Amino acid sequence: MPIGNDPASVRKRIEAMEHLLERSFTIPGVNYPVGLDSIVGLVPVVGDLVTAAMGAYLVWEARNIGLPKWKLWRMAGNVAFDTAVGAIPIAGDAFDLLFRSNTRNLRIVKRHLDKHHPSSRVIDS
């Protein structure tokens with residue numbers, strides 16, 4: 001993982017964290033990608049707090065590259081909404097499979113970087 005504060009390094013770290021939280025495993029038989037957000041979220045209270053902290057890390061990284069406050073608030077809202085609904089027993093765990101706050105936040109960061117730091121753009125294959 002790159003350790004710099006330049007936009008390209010931040011982008012790679014955010015993409016890696018999103019992948020870990022949302023798409024690091026595949027459910028056998030249905031080929032549906034899940035990540036630590038869904039798996040750790042099965043542990044009551046502690047799991048939701050851990051994944052909320054990991055989601056907050058994405059917001060912190062976005063702040064470091066200069067995203068406007070309204071985008072940071074939107075990202076924080078995605079994390080808060082995911083945490084609040086994910087804390088509901090059983091229904092929240094099903095919700096975690098469908099609502100991918102970290103993927104939404106990655107999309108916000110990518111749009112910003114593509115517009116304001118085009119040199120950090122990476123062609124996705």
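Since we're looking at a predicted model, the values are computed, not measured.
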Problem set entry | Hydrophobic cluster membership, Ile27 vs Leu36, 4.5 Å side-chain cutoff | yes
The reported gap from CG in Leu20 to CD in Glu15 (rounded to nearest 0.5 angstrom) is 13.5 Å
Distance col, row Leu67:CG vs Leu72:CG, nearest 0.5 angstrom, shows 5.5 Å
Interatomic distance, CG@Asn78 vs CD1@Ile108, rounded to 0.5 Å, equals 5.5 Å
**Message:** Between Thr83 and Val79 (side chain of the first, backbone of the second, donor and acceptor by atom type, cut-off under 3.5 Å), is there such a pair?
**Reply:** yes
Between the CE atom in Met75 and the CG atom in Leu106, the distance rounded to the nearest 0.5 Å is 8.5 Å
**Message:** Taking Asp6 first and then Arg11, would you say they form a salt bridge - that is, a charged N and a carboxylate O separated by under 4.0 Å?
**Reply:** no
For residues 69-86, the salt bridge (charged side-chain N to carboxylate O under 4.0 Å, His left out) pairs (sequence neighbours left out) are none
Apply the test side chain to side chain contact (heavy atoms under 4.5 Å, CB included) to residues Tyr32 and Thr26: give CA-CA distance (whole Å), side-chain angles for both, the deciding distance (0.1 Å), then the verdict. CA-CA 5 Å; Tyr32 188 76; Thr26 302; 5.9 Å; no
* **Pair Tyr57-Ile14, side chain to side chain contact (heavy atoms under 4.5 Å, CB included): steps then yes or no** => CA-CA 9 Å; Tyr57 170 76; Ile14 291 175; 5.8 Å; no
### Message
Please tell me whether Val40 and Val46 are part of a single hydrophobic cluster in this structure, the criterion being side-chain heavy atoms less than 4.5 Å apart.
### Response
yes
When you look at Leu97 and Val34, which way does the side chain to side chain contact (heavy atoms under 4.5 Å, CB included) test go after all the steps? CA-CA 7 Å; Leu97 290 171; Val34 296; 3.4 Å; yes
CG of Leu58 to CG of Leu21, rounded to nearest 0.5 Å, is 6.5 Å
Are any of the side-chain heavy atoms of Pro68 and His112 separated by less than 4.5 Å?
yes
- Task: Give the C-alpha distance, both sets of side-chain angles, the deciding distance and a yes or no for side chain to side chain contact (heavy atoms under 4.5 Å, CB included) between Val10 and Val109.
- Result: CA-CA 10 Å; Val10 172; Val109 171; 5.7 Å; no
So ring-ring contact (aromatic ring centres under 6.0 Å, His included) across residues 74-96, not counting sequence neighbours, yields Phe81-Phe95, Phe81-Phe99, Phe95-Phe99
For residues 41-65, the salt bridge (charged side-chain N to carboxylate O under 4.0 Å, His left out) pairs (sequence neighbours left out) are Arg13-Glu61
When you group the ILVMFWY residues by side-chain heavy-atom contacts below 4.5 Å and let the links chain together, are Ile65 and Trp60 in the same group?
yes
Contacts of His19 meeting ring pair (Phe, Tyr, Trp, His ring centres under 6.0 Å) (sequence neighbours excluded), chain-then-number -> none
Residue pairs passing the salt bridge (charged side-chain N to carboxylate O under 4.0 Å, His left out) test with at least one member in residues 88-99, sequence neighbours excluded, are none
Closest non-hydrogen atoms of Ser24 and Gly35, given as atom of the first, atom of the second and distance, are OG-CA, 3.6 Å
The complete set of salt bridge (charged side-chain N to carboxylate O under 4.0 Å, His left out) pairs with one or both residues in residues 22-45, sequence neighbours excluded, reads Glu18-Arg23
Same hydrophobic cluster for Val43 and Val85, using side-chain heavy-atom links shorter than 4.5 Å among ILVMFWY? no
Q. Do Met54 and Val45 share a hydrophobic cluster (ILVMFWY, side-chain heavy atoms under 4.5 Å, transitive)?
A. no
